[in-house]
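For reference, the structure discussed in these notes is given below.
Order of the sequence lines sets the chain letters (A, B, ...), proteins ahead of strands, with each chain counted from 1.
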Amino acid sequence: MHWQVYFCANMPKPTNRIITLIKKDFLLEVRQQYTFYGILLYLASTIFIVYLSMGKPEATVWNSLFWIVQLFVCVNAVAKSFLQESRGRMLYFYSVAGAGDFILSKLIFNVALMLIMSLMSLLVFVVLLDNPITHFWAFAGTSILGGMGLSLVFTFLSAIAAKAQQQAALMAIMGFPIIIPQLLLLGKISNTAFSPVIQGGIWQMVALLVGLDVMIVVLSLILFPFLWKD
Amino acid sequence: MIAKNWWKILAYLALLCICTVGFLVKVPVLQGRLQESVRNTFFHVPMWFGMMIFYVVSVVYSIKYLRSPKTSHDYNALEFARVGTVYCILGLITGAVWATYQWGDASIWKSDPKLIGAAISLLIYLAYFVLRGSIVDADNRAKIGAVYNIFAFAMLFPTIWILPRMSESLHPGGQGANGNPGLNPNDSAAVITLFLWLGVLGWTLTGVWITNLRVRLHLIIEKRTNNG
């Protein structure tokens with residue numbers, strides 16, 4: 001259970017280091033369960049408010065509301081990933097792990113976290129706001145893909161924001177304009193899940209989205225080392 | 001002096017030409033559709049050319065700064081982004097005035113996919129200035145600013161080059177329309193193409209000139225403060 005032990009033996013392989021760092025984030029999550037449940041509650045109450053103000057909306061409104069809720073849930077779920085690390089602890093990580101390992105472990109962990117959140121909000125949406133989706137699994141797949149993209153962008157932005165002082169507000173200011181294109185693409189892709197026929201050109205958009213995700217990971221790997229050293 | 005400043009003279013002459021001959025030269029009348037408003041091409045389109053060039057140069061300086069942290073690189077990155085943002089706003093205004101009459105769209109914000117790209121780039125670079133403003137330490141500010149600049153640029157440019165082409169719009173270069181968002185080379189009169197490129201040259205050089213002056217001002221202030 002003591003994850004520090006992994007570092008003390010002569011440096012393990014990069015994959016092991018990443019797994020250890022993810023394990024550490026996971027353990028933190030298990031020990032401070034209130035943050036996890038806090039986000040779940042945030043998600044549920046946001047959707048409840050949407051339900052109270054909209055009732056059971058038609059498909060296009062349902063779709064856009066879903067992505068807006070996803071955006072806000074993601075900002076809240078991912079924002080803390082770098083902010084929770086104190087200065088001293090960062091210094092410790094700096095001495096035992098590489099920048100690449102660190103950012104990769106954070107990205108993977110947040111993608112997993114957002115995966116759970118995406119599926120949960122899909123569930124709550126279906127329960128509260130009805131289910132206008134014709135191709136349910138296509139929509140579920142899109143929401144997983146979308147959650148992934150959102151969490152990747154906001155993880156890296158949280159690393160930037162942690163370096164500046166006014167973190168929470170900056171996350172939104174920096175993140176929203178960057179995420180708009182992805183949200184537009186996601187909205188277009190997921191719209192097809194509501195129509196009886198899957199339209200052409202959808203794979204092109206999915207490929208573009210996956211390409212963007214790959215680019216975010218590569219950029220994070222290249223740019224994070226500059227944020228890391230002080 | 002001429003050897004060093006020829007490009008400033010060129011910028012002046014190009015803009016002088018655009019602002020006089022550009023208004024007088026005979027342009028084609030397309031069955032009365034565009035009328036004289038086609039001259040907006042000499043002003044509106046160069047703004048976007050200028051903006052893209054300045055943002056690219058700004059990112060190049062950000063990369064340079066991360067490779068070798070010199071303050072002049074940081075000033076260049078900041079000032080090119082600033083001039084790019086000014087050009088973006090000017091491009092929006094010139095486009096909006098034109099579209100009010102050509103598209104018959106009286107609303108201030110025209111609903112067209114091309115404008116989403118412009119709005120996103122405006123928001124991203126305004127966020128860049130806010131981010132810089134929120135960091136007190138100069139070295140940190142330059143470094144984190146550079147990282148954000150590169151990241152945002154990499155996210156922005158695929159979207160303003162790819163996304164608008166995928167949706168239908170009134171603006172040139174959408175789905176089903178010929179050419180690219182800038183101009184359609186197969187469907188432009190020679191005189192318009194000529195003045196458009198003259199405009200691109202003139203406005204871009206003017207932007208570089210403004211940047212140049214501001215960077216020099218930064219460097220002088222820095223020198224003064226360092227010397228007490």
Point to revise | B:Ile120, part contacting chain A, at a heavy-atom distance under 4.5 Å | key: both
Check your understanding: Excluding sequence neighbours, so at least two apart, what forms side chain to side chain donor-acceptor pair (under 3.5 Å) with B:Thr206?
Key -> none
Review point. Is the number of heavy atoms from other residues, nucleotides or ligands under 6.0 Å of B:Tyr101 OH greater than 12?
Key: no
Review point. Taking atom NZ of B:Lys70 as the centre, does the number of heavy atoms from other residues, nucleotides or ligands within less than 6.0 Å exceed 12?
Key: no
Review point. Who wins among A:Gly211, A:Pro177, A:Ser220 for the most heavy-atom pairs under 4.5 Å with chain B?
Key: A:Pro177
Exercise for review: State, to 0.1 Å, how close B:Ala154 and A:Met215 come at their nearest heavy-atom pair, and which atoms those are.
Suggested key: O-CE, 2.9 Å
**Study point:** Atom pair CD1 (B:Ile135) and NZ (A:Lys163), whose distance is rounded to the nearest 0.5 Å
**Key:** 10.0 Å
Point to revise | Which portion of A:Phe156 sits near chain B, non-hydrogen atoms under 4.5 angstrom | key: side chain
Review point. What residues form a side chain to side chain donor-acceptor pair (under 3.5 Å) with B:Thr71, not counting sequence neighbours?
Key: B:Glu222
**Study point:** B:Ile144 side chain reached by A:Leu227 side chain, heavy atoms, under 4.5 Å
**Key:** yes
Check your understanding: When rounded to the nearest 0.5 angstrom, what is the spacing between CG in A:Leu223 and CG in B:Leu66?
Key -> 7.0 Å
Study note, to complete from the structure: d(A:Ile180 CD1, B:Ile116 CD1) to nearest 0.5 Å is 8.5 Å
Study note, to complete from the structure: chain A shares the most heavy-atom pairs under 4.5 Å, among B:Ile150, B:Leu123, B:Asp139, B:Ile124, with B:Ile124
Revision key, fill the gap. Under 4.5 Å to a heavy atom of chain B? For A:Leu157 that would be side chain
Check your understanding: Roughly how far, to the nearest 0.5 Å, is the CD1 atom of A:Ile216 from the CE atom of B:Met155?
Key -> 4.0 Å
Review point. Is it true that atom CH2 of A:Trp137 has more than 12 heavy atoms of other residues, nucleotides or ligands lying nearer than 6.0 Å?
Key: no
Exercise for review: Kindly check if the number of other-residue, nucleotide or ligand heavy atoms within 6.0 Å of CZ (B:Phe129) is above 12?
Suggested key: yes
Exercise for review: Pick one of side chain, backbone, both or neither for A:Ile222, based on which atoms fall under 4.5 Å of a heavy atom in chain B.
Suggested key: neither
Revision key, fill the gap. When every non-hydrogen atom of B:Lys143 is compared with those of A:Phe226, the smallest separation belongs to CE-O, 3.2 Å
Point to revise | Choice from A:Ile178, A:Ile160, A:Val153, A:Ile173 maximising heavy atom contacts with chain B below 4.5 Å | key: A:Ile178
